[in-house]
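Both backbone and side-chain heavy atoms feed into the values below; hydrogens, waters and symmetry mates do not.
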Amino acid sequence: MEEFGRLDRLKRLRQGRYVPASRGQRLFSKSDLGWDVNIKTGNLGTRAVAVLLAGTMLSGTAHAQAAGRPAPAPQPATQQATPAAAPAQVVPVQEVRTVRTLRVEGSQRVEPETVLSYTRLRVGETYTNETIDQAIKDLLASDLLADVEIDGALTGDLTIRIKENPVINRVVFEGNKRLKADKIQKEVKLSPRQIFTRTAVRADVARIVELYRRQGRFAANVQPKMVSLDQNRVDVIFEINEGPKSKVRQINIIGNEVFSDGQLRGEMATKTSSLKNLLSSNTSYDQDRLAYDQQKLRQFYLTNGYADFRVISAVAELTPDKRDFIITYVVEEGPRYKFGPVTVDSAIRDFDDKKLASALAIKEGDWYNAKAVEDTVEQLSETAGAFGYAFADVRPEFQRDRESLTMTMNFRIAEANRTYIERIDITGNRQTQDKVIRREMRVAEGDAFNTFLVKRSQDRINSLGYFQDKFEIERKEGSSPDRIVLAANVEERANGELTLSAGFSSLEQFILQASIRQRNFRGKGQTVSASVDYSSYSKSVELGFTEPYLFDSNVALGGTIFRRDYNAFNYIGSDRSTTYSQVSTGFQVVAGVPLTEYWTLSGRYQLAQDDVTLDKNTFYSDTDGDGVRECDPVIAGRYYCEAVGNRLTSLVGVSLIYDSLNSRLRPTRGERLTLGADFAGLGGDVRYIRGRVDADKYWNLGSNFIFSVSAEGGYIHSLESSRGPGIDPVRITDRFYLGEPQFRGFDIRGVGPRVQRIGFTGDPLTGTQLLVEDRDRIVDDAIGGKAYYLTKAELEIPLGAGAQELGLRPSIYVMAGSLFNITRPAKTIEFAQAADASGKPLFNADGSPTLLPKDNFLKDAAGNQLYFAGGVPTVTTTCQVGYSASPSQPCVGTTINPIASSPTAPFFERYVGDSARPRLSVGIGVNWNSPFGPLRIDVAKALLKNEGDDNKLITFNVGTQF
């Protein structure tokens, strides 16, 4: 009966089974689904079984009596041998036998010795039924075998028949769209040429499901399948149903009274799935983020004085459809505390406790703020570091008074040794030479440690732009307590830049700019650059080289050679018309030397040849009929005709620069000021002085908000004598211009003084003359200014983690500026104003003066007045009466000839835009590290503009790095 119970338990546990066998032998095997136990007597008769059973019972009785306990009452043999009770027909499992022989059958890859090593069966040793059972369990637990049978249990000649687990031919994933197969393959353990086991399959299914849960897909389901192949191989197929991404439908907060649910949700990283959070990647459920949000809540309350705040519980419930989560927080706010007395207790003799305490930002009576406490600890640590105590231990001590709701603070500074720099380790620079990094260090090996100088060194290395963002110098303990090791572990990034800028202008149409620059040439910190600009009206080529440390000295030297072709233009109707062409060819040499850590003095020399021309076919004409074609101011404009010619400019300049930015590429704090002055006249044909100022300041507002303010301005003054009334002494090619790209919201040269020539419709003699109102039919010439200013305030706005991964950095900005101060140009031509019979001037219906066409009298090459022979406009003669083919021949005839002239249609010339009154624009821009390179898009709206200004709404540019 005891054996019956054991077998029944095995059957319930699905641990094993006896399989039918011939000659009455007992076999053990494992089915595909588990273990069962059965017994079949084979050729043994019912009587033989009864006899064996009776013997077993007698043996059990004897053993029980020997143990001092009553034996169970024997049952009649006939009751044990009925066919209905077949499972009771068992062999005596307690009988001890000896293993006579032991062999393994069915092994292919697994050696027989390996199979036997997993069992306790050995030749010459005894065994029981339990030994056989345990051997089967041990073999199957090895994950090497799919099926096991043990034959010969009654005779002692044991044969272990095995069926090995198949070998995996390949692992296939089907249905996975959101996760790539290679990413899933890294997580699973099954792989080709491994042994297939169901345990490993179940484990990999769990891993895949967990992988999808990390992605927020809690409805994901994985069904494994096995395809049998020849040579005992299988293909394992994971059929994946990814399901929808589980979003956070709702966030409930219970127990908050001081702050609203909206305020607290705004502090959390997790966001609810809604239209306003469309670009956020934090709308999916993440258990780690749930724990992080609890810390964010605690941090928020602690910074607002609630020192007893705690999160009682945070529960995330999955909706029945497994599509969304509902998160519920239960919080306890507690009372609000203020700072009590704030003291400093320093064991370092160099410090005065009272002076340190008075310099702290937190004061008694302020609301308690845990962030302010952390900042104070950092401040005291930095102060200690500035005095050479690198490992100063600053610990805040709190004394909470729940009755007065005050928090007494004492900052204890433990005793520390003054620290010296043992060595500076630089690692990770595969291309950049060590000296390029070391020369930016403000400390050297053997110097006393100084936190300020280490931080400055860190900022200078960041400003190089050669390495990863937010590079930090690590501090490690040296060989003794008073020694420190500085570790600069850099990660080099692409320092080559290939930039392609494209834009669309209402004037220039498509604009293309291309430049290539290597900022760390040959790993020596040198800069090599080349740029090409091309548009319908401008072309330039420029080559440059800069050595920041000439001959390893603290002197920078650079040079540029250039050729710039610029075509100025105006707009007549729907056609753009080139006015003048300026070709500048020359070079520039720049040298700089640092005066202090932050001040640098820079000098430069530039020599340029400028050639300004006008299209002779368009803007030149024989105005007086003498056969000589000259620049016609009526067509080109007097100011452009004055600019024509060749000029050599020899210029020397100097700049004083203050720079404390933490990065020149993407600064987040610090300021930069540049004061520059240029003098043209060291030889050459042009003489003027020009001054410029440029200032920028950046603030890190926290939470990745970066606010910046910039301002620039300039003025140019000619040193040449006056060139006549209505002519400014500063040439049009030397003046300042303002617009795109400096001033967003306005087009190229879209701001500042300009001359507009407006034609008329109708006839002045019939009283129908009116000014043209269509702006596209107005000739508009920007003529620059001698003074300008431009200011900008910009706020860079951080986005969610998903947008940051895409490299999106939006910003909003407001800009104000102006270009002004130029001599009012003289009118191109004076038209007579019509008058009535009494001589009173006439005006048109729109208020404009009624102007008459101007007659231009024609002359021959000798200066003789020409006449229209017989009044025919196509035939001219020098004879006032009669006709002569040439001036040397006498005039024949009596016909009086009218004076030959070419009338110019009247137009109204208007000078606009010369005002210091600020123009104002607001806009939003987005920087995006797109797959094809950095992309910048700006949308800016001009809110304030002057008459004649040309605004522009959208600009963009794109580049790449290598």
Output all residues satisfying salt bridge (charged side-chain N to carboxylate O under 4.0 Å, His left out) with [X], sequence neighbours left out; order by chain, then residue number.
X	result
Arg100	Asp157
Asp324	Arg249
Asp261	Arg265

Partners passing side chain to side chain donor-acceptor pair (under 3.5 Å) against [X] (at least two apart in sequence or in another chain):
X	result
Thr427	Asn489
Thr319	Asp321
Asn176	none
Tyr466	none

Does the [X] side chain pair with the main chain of [Y], one donor and one acceptor, at a distance under 3.5 Å?
X	Y	value
Gln231	Arg233	no
Glu149	Lys163	no
Asn169	Val234	no
Glu492	Thr432	yes
Glu474	Ala487	no
Arg207	Val188	no

[X] to [Y] - nearest heavy-atom pair and separation:
X	Y	result
Ala135	Ile150	CB-CD1, 4.1 Å
Asp293	Ala269	OD1-N, 2.7 Å
Thr119	Arg122	O-NH1, 3.0 Å
Glu164	Arg109	OE2-N, 3.0 Å
Ser246	Leu318	OG-CD1, 4.4 Å
Pro244	Ala219	CD-CB, 4.2 Å

**Prompt:** Quick one: ring-ring contact (aromatic ring centres under 6.0 Å, His included) partners of Phe300, sequence neighbours excluded?
**Reply:** Phe259
**Asked** Mind checking what makes ring-ring contact (aromatic ring centres under 6.0 Å, His included) contact with Tyr329, not counting sequence neighbours?
**Response**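 For Tyr329, no residue satisfies ring-ring contact (aromatic ring centres under 6.0 Å, His included) once neighbours in sequence are set aside.
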Pairwise distance [atom1]([X]) to [atom2]([Y]) - rounded to 0.5 angstrom:
X	Y	atom1	atom2	answer
Ile326	Thr328	CD1	OG1	7.0 Å
Ser107	Arg161	OG	CZ	13.0 Å
Ser142	Lys137	OG	NZ	15.0 Å
Asp138	Leu145	CG	CG	11.5 Å
Asp147	Leu139	CG	CG	11.0 Å
Arg97	Leu158	CZ	CG	10.0 Å

Can a donor-acceptor pair be found between the side chains of [X] and [Y] at a distance below 3.5 Å?
X	Y	result
Asn462	Ser663	no
Gln431	Asn429	no
Thr131	Gln134	no

**Pair Arg103-Glu105, salt bridge (Lys or Arg N to Asp or Glu O under 4.0 Å): steps then yes or no** = CA-CA 7 Å; Arg103 60 194 181 94; Glu105 293 183 357; 2.3 Å; yes
In terms of heavy-atom contacts, does [atom1] of [X] have more than 12 from other residues, nucleotides or ligands at under 6.0 Å?
X	atom1	result
Glu491	CD	no
Phe705	CZ	yes
Arg214	CZ	yes

Do [X] and [Y] have side chains that approach each other closer than 4.5 Å (heavy atoms only, starting at C-beta)?
X	Y	result
Ile327	Leu290	yes
Gln223	Asn221	yes
Ile208	Ile184	yes
Leu808	Val926	yes
Thr270	Tyr292	no

**Item:** Pair Arg217 + Glu242: basic N to acidic O under 4.0 Å
**Value:** no
**Asked** Is Arg202 salt-bridged to Asp204, cutoff N-O under 4.0 Å?
**Response** no
**side-chain contact (heavy atoms from CB on, under 4.5 Å) between Leu486 and Asp425, worked out** = CA-CA 6 Å; Leu486 301 181; Asp425 294 337; over 6 Å; no
**Prompt:** Which is it for Tyr212 and Phe218 under the ring-ring contact (aromatic ring centres under 6.0 Å, His included) test, yes or no, and what are the steps along the way?
**Reply:** CA-CA 7 Å; Tyr212 274 96; Phe218 285 80; over 10 Å; no
**Request:** With sequence neighbours excluded, give me every ring-ring contact (aromatic ring centres under 6.0 Å, His included) pair touching residues 98-137.
**Result:** none
**Fill in**
Here the ring-ring contact (aromatic ring centres under 6.0 Å, His included) pairs for residues 155-177, sequence neighbours left out, are Phe173-Phe238
**Residue pair Arg519, Leu464: steps toward the side-chain contact (heavy atoms from CB on, under 4.5 Å) verdict** = CA-CA 9 Å; Arg519 292 183 290 108; Leu464 293 175; over 6 Å; no
**Message:** Assess the residue pair Ile160 and Val148 against the criterion (side-chain contact (heavy atoms from CB on, under 4.5 Å)); give the C-alpha distance rounded to whole Å, side-chain angles, the decisive distance to 0.1 Å, and a yes or no.
**Reply:** CA-CA 7 Å; Ile160 303 176; Val148 178; 4.3 Å; yes
**Request:** Please test Glu267 against Arg298 for salt bridge (Lys or Arg N to Asp or Glu O under 4.0 Å), starting from the C-alpha separation and ending with a verdict.
**Result:** CA-CA 10 Å; Glu267 296 296 322; Arg298 178 171 174 77; over 6 Å; no
**Request:** Would you mind listing every salt bridge (charged side-chain N to carboxylate O under 4.0 Å, His left out) that reaches into residues 170-186, with sequence neighbours excluded?
**Result:**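 Counting only pairs at least two positions apart or across chains, the salt bridge (charged side-chain N to carboxylate O under 4.0 Å, His left out) contacts touching residues 170-186 are Arg170-Asp235.
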**Message:** Show, in sequence, the C-alpha distance, side-chain angles and deciding distance for Ile253 and Met268, and conclude whether the side-chain contact (heavy atoms from CB on, under 4.5 Å) test is met.
**Reply:** CA-CA 12 Å; Ile253 305 175; Met268 300 178 188; 3.7 Å; yes
